[in-house]
Amino acid sequence: KNYADICYGKHPLNGKKVMVEYSSPNTNKPLHLGHLRNNFLGWSVAEILKACGYEVYKSCIVNDRGVHICKSMIAWQLFANGATPKTNNTKGDHFVGEYYVKFNDEHKRQIAALVAIGITEKEAEKEAPIMKATQQMLQDWESGKPAVMKLWKEMNGWVYEGFEVTYKNIGSDFDKTYYESNTYLLGKEIVQLGLDKNVFYKKEDGSVWIDLTSDGLDEKLVLRKDGTSVYITQDIGLAQQKYDEYQIDESIYVIGDEQNYHMKVLKLIAQKLGVSSADAIHHLSYGMVELTTGKMKSREGTVVDADDLVEEMINTSRKHTEELGKVKDFTEEELVELYKTIGLGALKFYLLRVDPKKRMIFNPEESIDFHGFTGPFVQYTYARIKSILRKITADNKAAISTSLLKNEKEILVAAEQFPAVLMEAAKELDPSKVAVYIFNLAKTFNSFYAELSIANAESEEKKQLRIQLAMITSNILKSGMQLLGAAVPERM
RNA sequence: GGUCCGGUAGCUCAGCUGGAUAGAGCAUCAGCCUUCUAAGCUGAGGGUCAUUGGUUCGAAUCCAAUCCGGAUCACCA
């Protein structure tokens with residue numbers, strides 16, 4: 001059954017067009033744990049909205065230009081000696097990420113050298129030769145210098161190849177991908193229009209600003225004095241472009257809460273400019289993932305890499321499965337698929353089971369659990385039900401008029417809540433509502449399972465009733481997990 | 001300093017549009033596999049809901065102040 005069919009009635013906003021923007025990677029380094037939370041959240045919210053009858057578009061904005069990309073490029077020129085992901089047998093995004101790290105190492109070294117000869121740290125940061133070269137490269141990029149453009153395209157190409165592998169692996173997909181290298185130009189045009197409308201004003205040095213003090217915020221720069229755009233410039237362009245292309249009613253931005261201020265400013269600017277989609281802008285602000293050892297810092301090497309984590313989860317699921325030895329008759333392909341289903345299911349459930357708005361703490365030492373309030377728990381419940389149903393023939397025509405025992409009633413009551421839970425999750429843009437619900441449903445079923453037999457029910461009538469309950473439960477567990485981006489195995 | 005967010009069992013989190021003995025999972029302890037998959041089930045211990053004051057018949061929940069933690073206030077993205 002389609003999710004939408006499961007919902008009773010119609011969502012108040014049913015039929016509206018929504019765009020959910022998530023992922024927003026930078027092309028200078030690989031995806032990490034934070035991106036995973038973002039991806040899983042955005043994807044799941046989009047699916048939940050679809051289930052409630054919205055017309056949903058998933059979009060991704062790739063941050064493919066700017067100083068940070070130039071940093072990787074400069075470092076590659078300096079240290080790579082012509083190496084490529086192929087020659088090094090490295091995944092493209094990891095390859096480029098290594099040069100971003102190398103840039104920072106070298107930059108640090110140069111700063112130290114300058115500080116040693118009496119220059120202040122702040123000055124040294126700017127004056128370091130490698131930084132100077134980066135600034136020069138940024139200008140060359142903006143002016144379209146062929147050699148720089150060629151390298152930029154080549155290196156971004158490597159990164160995209162890497163991203164594609166990761167996205168495919170984690171099951172993330174987009175209906176539309178935007179590139180900042182395109183949207184910033186539209187942003188600049190809109191700034192010009194806003195200047196004509198006196199929404200913005202120009203300072204003596206040529207920089208362009210907007211005064212938001214009457215809204216309780218500050219003055220905000222929208223165009224540098226040299227005419228180049230800043231982060232918010234391209235976002236203004238993108239907001240307009242999304243509306244032009246899709247006429248969306250609601251535009252959801254899945255972005256970390258450290259950008260709350262930025263999103264507030266973006267919406268205000270869009271409203272003042274009279275951008276059609278201004279009021280539709282909605283920031284789904286999620287909390288950072290922190291490690292028990294503190295914040296993730298790419299420069300300090302304390303990031304949890306997305307690919308590594310996924311691989312680790314899959315390995316753990318293999319280990320558990322082998323220890324239990326229940327699927328010894330599986331083919332190699334079936335096993336690979338099962339390990340992935342369980343490993344990814346555990347990871348997605350873990351990241352989606354808590355309120356997205358709150359920051360969460362991840363302990364890399366303690367691997368993610370496979371017992372209790374977890375994805376594998378729900379998957380296991382599903383697999384057990386399927387195992388029973390395989391052995392039993394259901395009589396769909398059986399009239400069921402028997403009175404319900406306590407355990408049976410609890411399942412029915414829980415099952416009926418599913419549509420309401422979906423509505424709630426859609427309204428709050430909160431997949432954790434779904435995770436909590438399917439966990440509780442699975443738990444209710446497990447108690448029932450331990451207490452009452454289906455195959456050896458007291459009567460044929462009871463047996464048919466319980467088969468019905470098991471089928472309903474399995475359908476909901478599967479649908480719920482799918483909305484979280486997780487699959488369920490027939491056996492495990 | 002301004003603004004915003006958070007502080008609930010040892011740990012990770014629910015509950016926060018006020019309502020009965022504050023819930024889960026993990027961890028700890030005690031039970032349950034000759035009967036549908038034990039990645040499961042049953043039970044026990046563990047909380048002054050940061051602190052103080054206020055509103056109320058009633059506060060984890062609403063208000064104020066204080067303490068602690070985080071984010072942000074860039075010609076970075």
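In what follows, chains are A, B, ... by sequence order, proteins preceding strands, each numbered from 1.
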Worksheet item: For residues 32-40 of chain A, which residues have at least one heavy atom under 4.0 Å from RNA chain B?
Response: none
Could you tell me how far [M] sits from [N] if I compare only their [atom1] atoms? Round to whole Å.
N       : M       : atom1 : answer
rA24(B) : rG47(B) : P     : 15 Å
rG31(B) : rG45(B) : C1'   : 15 Å
rA50(B) : rC68(B) : C1'   : 8 Å
rG18(B) : rG58(B) : C1'   : 8 Å
rA38(B) : rC32(B) : P     : 16 Å
rG15(B) : rU55(B) : P     : 29 Å
rC5(B)  : rU48(B) : P     : 28 Å
rA9(B)  : rU52(B) : C1'   : 23 Å

Determine the contact category for [X]: base if any of its heavy atoms lies under 4.0 Å from a base atom, sugar-phosphate if only primed atoms, P, OP1 or OP2 are that close, otherwise nothing.
X       : result
F370(A) : base
L223(A) : nothing
N260(A) : nothing
L389(A) : nothing
T321(A) : base
N363(A) : nothing
K443(A) : sugar-phosphate
Y380(A) : base
K225(A) : base
V354(A) : sugar-phosphate
N26(A)  : sugar-phosphate
E180(A) : sugar-phosphate
M360(A) : sugar-phosphate

Just N and O in the side chain of [X]: are any of them under 4.0 Å from OP1 or OP2 of [N]?
X       : N       : value
K391(A) : rU37(B) : yes
S447(A) : rU42(B) : yes
Y449(A) : rA38(B) : yes
R224(A) : rA77(B) : yes
S387(A) : rU37(B) : yes
H262(A) : rA77(B) : no
R353(A) : rA24(B) : no

Checking base pairs now: Watson-Crick or wobble, both atom distances under 3.5 Å. What partners [N]?
N       : result
rG6(B)  : rC68(B)
rG18(B) : none
rU12(B) : rA24(B)
rA77(B) : none

[X] side-chain proximity, nearest of [options]:
X       : options                   : result
F439(A) : rG7(B), rG25(B), rG40(B)  : rG25(B)
K358(A) : rC16(B), rG40(B), rU3(B)  : rC16(B)
N456(A) : rU35(B), rC75(B), rG25(B) : rU35(B)
I361(A) : rC73(B), rU12(B), rA77(B) : rU12(B)
R359(A) : rC41(B), rC36(B), rG70(B) : rG70(B)

Within 45° cone and under 6.0 Å: [X] NZ/CZ vs [Y] ring:
X       : Y       : value
K348(A) : Y350(A) : no
K203(A) : W209(A) : yes
R37(A)  : Y286(A) : no
K264(A) : Y261(A) : no

N-O pairing of [X] and [Y] below 4.0 Å:
X       : Y       : value
D329(A) : R491(A) : yes
R65(A)  : E142(A) : yes
K220(A) : D215(A) : no

Discussion item. We want to know whether E219(A) and Y201(A) form a side-chain donor-acceptor pair, criterion being a heavy-atom distance below 3.5 angstrom.
Written reply: yes
Worksheet item: How about N446(A) and T381(A): does a side-chain donor come under 3.5 Å of a side-chain acceptor?
Response: yes
Worksheet item: Since syn is defined as within 90° of 0, does rC33(B) count as syn or as anti?
Response: syn
Worksheet, complete the sentence: Test side-chain contact (heavy atoms from CB on, under 4.5 Å), reference L33(A), set V303(A), V304(A), D305(A), output is V304(A)
Worksheet item: Between Y231(A) and A450(A), which is nearer to the 5' end of RNA chain B once each is assigned its nearest nucleotide?
Response: A450(A)
Item to complete: Please tell me which of K433(A) and D257(A) maps to the more 5' nucleotide of RNA chain B, matching each residue to the nucleotide holding its nearest heavy atom.
Response: K433(A)
Item to complete: Identify the two heavy atoms, one from Y184(A) and one from S229(A), that lie closest to each other, and give their separation to 0.1 Å.
Response: CD1-OG, 3.2 Å
Fill in: Atom pair distance, as rounded to whole Å: OH in Y286(A) and P in rC4(B)
23 Å
